[in-house]
Amino acid sequence: MVPIKPVKTLLYATDLSEGSIYALRYAVRLAETLDGKVHVLHALRPMSEEARITLRAYVTDPALRAAAIQDRMQTAREVMAERQKTFWDETDPEKAARRDRIAAIEIIEGNPAEVILRHAVDLDADMILMGSHEHGFSHTFLGTVATRVMRRSRIPTLIIPYPAEAERSRR
């Protein structure tokens with residue numbers, strides 16, 4: 001019989017949506033329960049060839065084009081920081097020790113499913129956690145990235161559904 005490895009290293013992959021805060025809360029609480037650590041990851045999709053052509057057509061200065069491409073990563077960092085701030089602002093001050101459960105926060109450019117799977121291997125992660133789309137399973141089932149990760153992952157992969165009450169309050 002193959003022994004079950006304890007879950008200590010959790011890779012939480014986020015799409016940086018507003019609903020991702022709920023999934024992060026779940027990941028941190030799970031890490032707290034398991035006495036583990038959460039590695040937060042956002043995979044920034046590479047700029048499409050069509051977007052590069054459009055950028056080249058409208059921004060003729062190569063330095064400005066390069067700056068625009070770099071701004072994508074900076075914008076992702078800013079959104080990540082905003083989501084983290086919102087998360088910690090909403091966290092009970094008496095539970096501030098939960099911050100210690102976050103081992104790392106990273107943004108890596110690449111195909112999201114590939115980045116998540118590769119990063120899980122690099123970390124020797126015990127579990128991957130991802131939030132579902134904000135409209136839940138009925139509208140998009142799981143989403144392309146989650147489906148690809150679940151099909152190819154060699155470790156447990158948990159999809160955290162967007163809470164129904166949050167969906168109702170947004171209507």
Report task. Please tell me if the side chains of Val40 and Ile102 come closer than 4.5 Å, counting only heavy atoms from C-beta onward. Result -> yes
Report task. Examine the side chains of Glu106 and His119 and answer whether a donor and an acceptor come within less than 3.5 Å of each other. Result -> yes
Query raised in the report: With no hydrogens and no angle check, is any side-chain donor or acceptor of Ser153 less than 3.5 Å from a backbone partner on Met150?
Result: no
Requested in this report: State the CZ-CG distance between Arg77 and Leu16, to the nearest 0.5 angstrom.
Outcome: 12.5 Å
Query - Nearest-0.5 Å distance that lies between atom CG in Leu44 and atom CG in Asn111 - result: 12.0 Å
Requested in this report: For the residue pair Arg83 and Ile21, establish whether any side-chain heavy-atom pair is separated by less than 4.5 Å.
Outcome: yes
Report task. Determine, step by step, whether Val145 and Met130 satisfy the side chain to side chain contact (heavy atoms under 4.5 Å, CB included) criterion, reporting the C-alpha distance in whole Å, the side-chain angles of both residues, the deciding distance to 0.1 Å, and the verdict. Result -> CA-CA 10 Å; Val145 174; Met130 302 172 69; 3.7 Å; yes
Requested in this report: Look at the side-chain heavy atoms of Ile, Leu, Val, Met, Phe, Trp and Tyr, link any pair under 4.5 Å apart, and say whether Val121 and Val115 land in one connected group.
Outcome: no
Requested in this report: Could you tell me whether Arg101 and Asp35 have a side-chain N and a carboxylate O separated by less than 4.0 Å?
Outcome: yes
Requested in this report: Nearest 0.5 Å please: distance from the CG atom of Leu11 over to the NZ atom of Lys37.
Outcome: 15.5 Å
Query raised in the report: When you check the gap from the basic side-chain N to the acidic O, do Glu109 and Arg72 get nearer than 4.0 Å?
Result: yes
Query - Heavy-atom closest contact (Ala43 atom, Gly110 atom, distance) - result: CB-O, 4.4 Å
Query raised in the report: Are side-chain heavy atoms of Ile105 and His42 found at a separation under 4.5 Å?
Result: no
Report task. Report the C-alpha distance between Arg152 and Glu114 in whole Å, list the side-chain angles of each, state the deciding distance to 0.1 Å, and finish with yes or no for side chain to side chain contact (heavy atoms under 4.5 Å, CB included). Result -> CA-CA 10 Å; Arg152 296 179 45 211; Glu114 298 297 325; 2.5 Å; yes
Report summary line: Between the CZ atom in Arg98 and the CD atom in Glu32, the distance rounded to the nearest 0.5 Å is 4.5 Å
Requested in this report: Just do the side chain to side chain contact (heavy atoms under 4.5 Å, CB included) check on Ile160 and Tyr22 with the steps written out, would you?
Outcome: CA-CA 8 Å; Ile160 303 159; Tyr22 176 80; 3.8 Å; yes
Report task. Flag the pair Leu34 / Pro6 as yes when at least one side-chain heavy-atom distance between them is below 4.5 Å, and no otherwise. Result -> no
**Report entry** Check: Ile107 and Met73 side chains under 4.5 Å, non-hydrogen atoms
**Finding:** yes
Query raised in the report: Between CG of Leu129 and CG of Leu30, what distance do you get to the nearest 0.5 Å?
Result: 6.0 Å
Query raised in the report: Near Glu50 CD, under 6.0 Å, is it more than 12 heavy atoms from other residues, nucleotides or ligands?
Result: no
Query - Point-to-point distance, once rounded to the nearest 0.5 Å, from CD1 of Ile155 to CG of Asp124 - result: 8.5 Å
**Report entry** Shortest non-hydrogen contact between Val38 and Tyr12, atoms and distance
**Finding:** CG1-CB, 3.8 Å
Query raised in the report: Should we count CZ of Arg148 as having more than 12 external heavy atoms under 6.0 Å?
Result: no
Report task. Let me see the working for Glu78 and Glu82 under side chain to side chain contact (heavy atoms under 4.5 Å, CB included), right down to the final yes or no. Result -> CA-CA 6 Å; Glu78 289 167 5; Glu82 176 187 310; over 6 Å; no
Report summary line: What one should report as the nearest heavy-atom pair of Val149 and Leu117 is O-CD2, 3.9 Å
Query raised in the report: Is any NZ, NE, NH1 or NH2 atom of the basic residue among Glu90 and Arg25 found under 4.0 Å from an Asp or Glu carboxylate oxygen of the other?
Result: yes
Query raised in the report: Considering residues, nucleotides and ligands other than Ile53, do more than 12 of their heavy atoms fall under 6.0 Å from its CD1?
Result: yes
Query - Test salt bridge (Lys or Arg N to Asp or Glu O under 4.0 Å) applied to Asp126 and Lys5, step by step - result: CA-CA 7 Å; Asp126 304 309; Lys5 184 178 172 187; 2.9 Å; yes
Report task. Over all heavy atoms of both residues, which pair between Ala23 and Gly131 is shortest? Give the atoms and the distance, please. Result -> CB-CA, 3.9 Å
